[in-house]
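Single-structure report; data block below.
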Amino acid sequence: MKKYCAAVLISLYALQVAALVTLKKDPVYRDARRNGAQMKIELHIQDDDGTPVPDAKIKAYLGMNFRPLGTWIDGTTDTNGVFVLEGKTCGDEIEIFVSKNGYYKTFQRLCFAAMGHEHDVKDGKWLPYGETRHLLLRKIHNPSELCKFGFGNGREIPDTNIWVGVDMQQGDFVRPYGTGLRKDFELLVDWDGKPPISSGRCTAVMRFNGQFEGAYLSARADESEYPYVYEANKDNSYSVVKAFTDKRQKTGQFSGGVLFGRDTVLVTRTRAIIDADKRLSSACYGYIHAFDVDASWDGNPTIRLSGVFNPTPNDTNLEPKIDHAR
């Protein structure tokens, strides 16, 4: 633990030294970081279909070193969904909030003062000056009371090197490891038994076993208040039968599976019922947006797993009701 803390302190010191060298190297950049420079961004707000969103509320914060020294700017988009954001900032803290009734809120953080980019300011202006940025404002479609499941804050895996079932509706491991009654998928964790600082192997595999059951990958829109898929695609190929996550985030692939990433979500199909003609007649849909594993200091490793499940057979809606209060 001491070695780990020492390494962190050395890394922080190196970053501070690099920052000082950068400021020393370019007086124009140094002045912009200390006293601010002008910035200008043309924001284009669009919905899921790429249609401009007029009258969207814009609230932006332009940082000046430390809060509350920065400036808050309020406005609305014009008939073309455009808002020009401009003002003075030290460049390292620019936050943009976009909202409108009937849409999920959007948030984006920008930075003109990335480490080492000392030449990104000229004539008192942060570059690129007047750039165009497209922000997505997603519509609220059909939010319903769906089952939210998982262990987002982490939970010890009941046992390693053995398949453990997960009930998405109950949000728990299946018996005898939890209160779950029906297995939607299984988890297998492999750990070398070493604590986090020295562990070289800590992986988790997820697998779907039933005929016609599995998952497909869908991209996330992380800037949105609701970044996930609205509804499952029945006709898509649910070809992901295995997915895995690695504590070290190593690249690799299981046969028939994928490496689970933070920029994707797994849309699932489980509880399949096959008719007399061996065709899919019924199934339940959901998604898994968090799947991570980490070594532990003692006991079993920690699994982080969360998502949404629609218990109504053949209902593809995956848009849960959320709290919009902020």
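- Relative to the ring axis of F208, R269 does not place its NZ or CZ within 45° and under 6.0 Å from the centre.
- With contacts defined as side-chain heavy-atom distances shorter than 4.5 Å, the pair F185/L305 qualifies.
- To the nearest 0.5 Å, atoms CD1 (I94) and CE (M39) are separated by 4.5 Å.
- Under the 4.5 Å side-chain heavy-atom criterion for ILVMFWY residues, no single connected hydrophobic cluster contains both Y103 and V82.
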So N310 and T316, side chain to side chain contact (heavy atoms under 4.5 Å, CB included) or not? Walk me through it. CA-CA 7 Å; N310 189 332; T316 59; over 6 Å; no
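- Once rounded to the nearest 0.5 Å, the distance linking CG of D92 with CG of L110 reads 12.0 Å.
- Using a 4.0 Å cut-off between charged nitrogen and carboxylate oxygen, R220 and D263 do not count as a salt-bridge pair.
- Annotation: the span from H44 atom NE2 to H134 atom NE2 amounts to 5.5 Å, rounded to 0.5 Å.
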Side chains of residues 271-285: which donor-acceptor pairs under 3.5 Å do they make with residues two or more places apart or in other chains?
from : atom 1 : to   : atom 2 : distance (Å)
R271 : NE     : D184 : OD1    : 2.8
R271 : NH1    : Q169 : OE1    : 3.0
R271 : NH2    : D167 : OD1    : 3.0
R271 : NH2    : D184 : OD2    : 3.0
D275 : OD1    : D277 : N      : 2.9
D275 : OD1    : K278 : N      : 3.0
D275 : OD1    : R279 : N      : 2.8
D277 : OD2    : R279 : NH2    : 3.3
S281 : OG     : I273 : O      : 3.0

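- Here the closest heavy-atom approach between residue G299 and residue W191 is recorded as O-CZ3, 3.0 Å.
- Heavy-atom minimum distance, V308 versus P320: CG2-CG, 3.9 Å.
- Separating the CZ atom in R304 from the OG1 atom in T302 is a distance of 6.5 Å, to the nearest 0.5 Å.
- Centroid-to-centroid, the aromatic rings of F309 and F149 stay 6.0 Å apart or farther.
- A donor-acceptor pair is defined here as one N or O able to donate and one able to accept, closer than 3.5 Å; such a pair exists between the side chain of T89 and the backbone of G63.
- Under the 4.5 Å side-chain heavy-atom criterion for grouping Ile, Leu, Val, Met, Phe, Trp and Tyr, F212 is not connected to Y216 through any hydrophobic cluster.
- Two residues are said to be in side-chain contact when any heavy atoms from C-beta on lie closer than 4.5 Å; F291 and L187 meet this criterion.
- Remark: K100 engages no residue in a salt bridge (Lys or Arg N to Asp or Glu O under 4.0 Å) (not counting sequence neighbours).
- Annotation: side chain of E95 is in contact with side chain of F107 (closest heavy-atom distance under 4.5 Å).
- Using a cut-off of 4.0 Å between Lys/Arg side-chain N and Asp/Glu carboxylate O, K57 and D74 are scored as not salt-bridged.
- A distance below 6.0 Å separates the ring centres of F151 and F173.
- Ring orientation note: the planes of Y29 and W126 are nearly perpendicular, at an angle over 60° on the 30°/60° scale.
- Looking only at side-chain heavy atoms (C-beta outward), S306 and H289 come within less than 4.5 Å of each other.
- A continuous path of Ile, Leu, Val, Met, Phe, Trp and Tyr side chains, each step under 4.5 Å between heavy atoms, connects W163 with F244, placing both in one hydrophobic cluster.
- Taking 4.5 Å as the limit, every side-chain heavy atom of R182 sits out of range of all side-chain heavy atoms of V174.
- For the pair D298 and S296, the tightest heavy-atom approach, listed with the atom from each and the gap, is O-OG, 3.0 Å.
- Within the hydrophobic cluster formed by Ile, Leu, Val, Met, Phe, Trp and Tyr side chains joined at under 4.5 Å, directly or through other members, L136 stands alone, with no partner residue.
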Apply side chain to side chain contact (heavy atoms under 4.5 Å, CB included) to Y177 and I157, showing your working. CA-CA 9 Å; Y177 301 106; I157 193 79; over 6 Å; no
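- In the hydrophobic clustering of this structure, L318 groups with I322; members are Ile, Leu, Val, Met, Phe, Trp, Tyr whose side-chain heavy atoms approach within less than 4.5 Å, directly or through other members.
- With hydrogens and angles disregarded, no donor-acceptor distance shorter than 3.5 Å links the side chain of D190 to the backbone of T203.
- Heavy-atom minimum distance, G87 versus L62: CA-CD1, 3.6 Å.
- Between D48 and K139, no side-chain nitrogen of the basic residue sits less than 4.0 Å from a carboxylate oxygen of the acidic one, so the salt-bridge criterion is not met.
- Looking at E319 and Y104, their side chains come closer than 4.5 Å, going by heavy atoms from C-beta outward.
- Under the 3.5 Å distance criterion, the side-chain polar atoms of N142 are left unmatched by any main-chain donor or acceptor of N317.
- For the atom pair OG1 (T77) and CG (L135), the distance works out to 11.0 Å, reported to the nearest 0.5 Å.
- When every heavy atom of Y61 is checked against every heavy atom of M64, the shortest pair comes out as OH-N, 4.5 Å.
- The distance from atom CE of M168 to atom NZ of K148, rounded to the nearest 0.5 Å, is 14.0 Å.
- Taking each heavy atom of P301 and V293 in turn, the nearest pair found is CB-CG2, 4.4 Å.
- Other residues, nucleotides and ligands contribute more than 12 heavy atoms inside 6.0 Å of the NZ atom of K59.
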Apply the test side chain to side chain contact (heavy atoms under 4.5 Å, CB included) to residues R133 and Q108: give CA-CA distance (whole Å), side-chain angles for both, the deciding distance (0.1 Å), then the verdict. CA-CA 11 Å; R133 280 186 174 264; Q108 190 170 87; 3.6 Å; yes
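- For the pair D78 (side chain) and N80 (backbone), a donor-acceptor distance under 3.5 Å is present.
- Remark: the backbone N or O of T51 is not paired with any side-chain donor or acceptor of D49 at under 3.5 angstrom.
- Hydrophobic clustering (ILVMFWY, side-chain heavy atoms < 4.5 Å, transitive): I140 and Y228 are in one cluster.
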List the steps, then state whether side chain to side chain contact (heavy atoms under 4.5 Å, CB included) holds for R155 with D172. CA-CA 10 Å; R155 179 172 170 181; D172 199 0; 2.8 Å; yes
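- For the pair L43 and I58, the minimum side-chain heavy-atom distance is below 4.5 Å.
- For the pair F112 and I41, the minimum side-chain heavy-atom distance is below 4.5 Å.
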